[in-house]
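Worksheet: one structure, shown below.
This chain uses plain numbering: 1 for the first residue, then up along the sequence.
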Amino acid sequence: DEQTGLHVRSGQELTHFKLHPGEEVRTPLVVLQFYQGDCIRAQNIWRRWMQAHNLPRPGGKLPEPILSSCSGGFFPGLMCNEADEKRFIDTFTAERIKLDYWWMDAGWYPCDGVGWPLTGTWKVDRKRFPNGIRAVTDHGHAKGLKHILWFEPERVHPGTELYEKHPQWLLGADGNQKLLNLGNVEARKWLTDHIDKMLTEEGIDLYRQDHNIDPLAFWRGNDSKDRQGITEIRYVEGYLAYWDELRRRHPDMLIDSCASGGRRNDLETLRRSLPMLRSDYHSFQGDSSFAAGNQGQTYGLALWVPFFGTGVYYNIKDHPVYVARSSFCPGFGYCRDVRKEGTDWDLIRRITGDWRKISTFFSGDYYPLTKYGLADDQWIAWQFHRADLDGGVVQAFRRPGSVYESARLKLHGLNPEAKYTLMNLDSPEKTKATGRQLMEEGLLIIAKQCPSAPIVIYQREK
């Protein structure tokens, strides 16, 4: 206003360069929004803008919630094989776990002796996949599953094909890992054509790109004194152009962005992809001691990013429902080594079924209902509300050290005069309340078990 102001400064961290005649560069994308009201209203304005203007729309549609599973982590060096991938798919299908995608992570290419980090030869390892990845994708497609395949084209390990055959495309010192320079037009064209061909020939539905290397030193090490920042600019321009061309050639395909787990959540990346593994920290841990970290990630990330993913491994001994619900989000993965005996498939059906019941609400407005914190003795809770569906969901968590058996949570976004039916997923009984009661008096949630993760779905009565 006229009395106060806000000074904002942003841009690329280091730039000191000249441009050659006819040369152009672009700068980082910035979005500035104005709002009136409290900060939570501001965050929901942001979430709505993200969904309307900055989420990918393959086939012209916003992405639906995704349930997936993966054999990753169950094989030494993540080096999976065709027979076991099919066995995993068959078992989940036979147990009536309705997955949307089968996820094949790292390790399907030649990487003997090192394991999955040996990136740079982007060919299928025919010793473990004699019929190509296509044999697995066809097998999954026949059972109604789409297919995710992991790539990490930017990090190039010594001894691989890119390292040995195309050193002119790489940034970095000999003998060490190098960075494929996406600012090099020839390198980018080769990569685009090569990956495009693989996606088509191997029947891949979702392209997953990881990035386990810090690029800044490689960029700056390639700049002359009068061109500082140019390599970074050209690289990022090339990175975005690479994805744009893949999307043009595969208009119905989603891209999953990953950079050691959710470290590339910039606007441009999120405009083209979904962060299906929001973080490697705490991700896919079954121990309940990791649950608070996963709750904290949802609490904070949902303020900014409408669609993200994570998952858990099967663990029946240590509060499995509490652990799994702590990771519920738009992209949810649930993994089990099907080669082991003793799986409680009823439990897995219950967990994945609960996720299905609430997943449609994750795209709505988001309201934290408690203060943020990771303390073992507190409750934490939030609400997702879909105004277009006249309903929503409340997720609450009583952590292991909490002495309180109940919490009263004031909801948001409801019609005060309307009546709502409420259903706790852990109880067959339904209750009713007005919007005014739920917003002013609050929703009483009782959780006698400790730890506990009650979920309440509410729906406006017609």
Side-chain angles (χ1 to χ4, degrees), residues 5-17 19 23-35 39 42-58 60-63 153-154 179-185 188 191-192 207-211 213-216 218-220 222-223 227-251 253-279 300-309 330 363 366:
L6 177 67
H7 179 73
V8 178
R9 188 179 180 193
S10 64
Q12 187 175 333
E13 185 179 33
L14 177 63
T15 53
H16 180 77
F17 58 82
L19 291 177
E23 187 179 20
E24 295 180 349
V25 295
R26 61 157 294 178
T27 58
L29 176 67
V30 173
V31 173
L32 178 63
Q33 288 188 338
F34 297 91
Y35 73 96
C39 64
Q43 296 294 160
N44 280 314
I45 291 173
W46 174 266
R47 279 177 57 90
R48 293 177 188 181
W49 177 84
M50 284 287 289
Q51 294 191 76
H53 303 291
N54 209 76
L55 276 187
R57 292 174 177 262
K61 299 178 181 179
L62 283 171
E154 295 162 275
L179 186 70
L180 180 63
N181 185 7
L182 296 181
N184 182 303
V185 175
R188 187 173 74 248
L191 180 65
T192 304
Y207 170 70
R208 170 170 165 79
Q209 183 169 321
D210 209 340
H211 184 64
I213 187 170
D214 294 327
L216 189 59
F218 294 91
W219 295 336
R220 292 183 176 176
N222 193 58
D223 287 338
R227 298 273 282 176
Q228 294 178 55
I230 285 293
T231 303
E232 178 178 354
I233 290 171
R234 294 292 182 234
Y235 189 99
V236 175
E237 288 175 340
Y239 157 69
L240 299 176
Y242 165 58
W243 276 16
D244 285 342
E245 181 59 17
L246 282 186
R247 293 167 71 225
R248 188 189 70 80
R249 298 185 190 185
H250 302 270
M253 181 185 73
L254 278 169
I255 294 176
D256 168 18
S257 68
C258 184
S260 296
R263 296 172 65 184
R264 236 178 186 171
N265 287 341
D266 58 277
L267 283 170
E268 293 277 27
T269 296
L270 293 175
R271 182 165 288 187
R272 295 162 173 82
S273 66
L274 305 174
M276 288 292 293
L277 192 59
R278 64 188 180 188
S279 175
L301 190 56
L303 292 166
W304 298 99
V305 182
F307 199 113
F308 53 85
S363 60
Y366 168 69

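In Q33, the CD atom is crowded: over 12 heavy atoms of neighbouring residues, nucleotides or ligands sit closer than 6.0 Å.
Closest approach of P306 and P330 over heavy atoms only: O-CG, 3.6 Å. Q51 approaches R57 most closely through the heavy-atom pair O-NH2, 3.1 Å.
Put simply, the side chain of R278 does not reach to within 4.5 Å of the side chain of V305, judged on heavy atoms. At a threshold of 4.5 Å between non-hydrogen side-chain atoms, the residues Y239 and Q209 count as touching. Considering only heavy atoms from C-beta on, S363 stays 4.5 Å or farther from L62 through its side chain. With contacts defined as side-chain heavy-atom distances shorter than 4.5 Å, the pair E237/R26 qualifies. The shortest side-chain heavy-atom distance between I255 and P56 does not fall under the 4.5 Å cut-off. Using a 4.5 Å heavy-atom threshold, the side chains of H53 and V31 count as separate. Y235 places a side-chain heavy atom less than 4.5 Å from the side chain of E154. Side chains of V25 and F17 form a contact here, defined as non-hydrogen atoms less than 4.5 Å apart.
Here N265 contributes atom CG and L274 contributes atom CG; the two are 10.5 Å apart, rounded to the nearest 0.5 Å. Taking CG of L246 as the reference point, atom CG of L191 lies at 7.5 Å (rounded to 0.5 Å). For the atom pair OG of S260 and CG of L277, the computed distance is 10.0 Å after rounding to the nearest 0.5 Å. Here the CG-CZ distance, from D244 to R249, works out to 12.0 Å after rounding to the nearest 0.5 Å. Here CZ of R248 is found 12.0 Å from CE of M253. Values are rounded to the nearest 0.5 Å. Here the OG1 atom belonging to T269 is positioned 9.5 Å from the NE2 atom belonging to H211, to the nearest 0.5 angstrom.
Residues meeting the side chain to side chain contact (heavy atoms under 4.5 Å, CB included) test with A302, sequence neighbours left out: R47, F308, Y366, F384. Applying the ring pair (Phe, Tyr, Trp, His ring centres under 6.0 Å) criterion to Y207, with sequence neighbours excluded, gives F151.
Under the 3.5 Å distance criterion, the side-chain polar atoms of E232 are left unmatched by any main-chain donor or acceptor of W219. Q12 places no side-chain N or O within 3.5 Å of a backbone atom of I233 that could act as its donor or acceptor partner. Formation of a donor-acceptor pair under 3.5 Å by the R188 side chain with backbone atoms of L182 is found in this model. Side chain of E268 to main chain of L240: no donor-acceptor pair is present (N/O by atom type, distance under 3.5 Å, no hydrogens or angles). Formation of a donor-acceptor pair under 3.5 Å by the D256 side chain with backbone atoms of M276 is found in this model. Remark: the backbone N or O of W49 is not paired with any side-chain donor or acceptor of N54 at under 3.5 angstrom.
For D223 and R220, the salt-bridge test fails: no basic side-chain N is under 4.0 Å from an acidic carboxylate O.
Taking the six-membered ring where the residue is Trp, W46 and W304 present perpendicular rings, their angle passing 60° and hence far from 30°.
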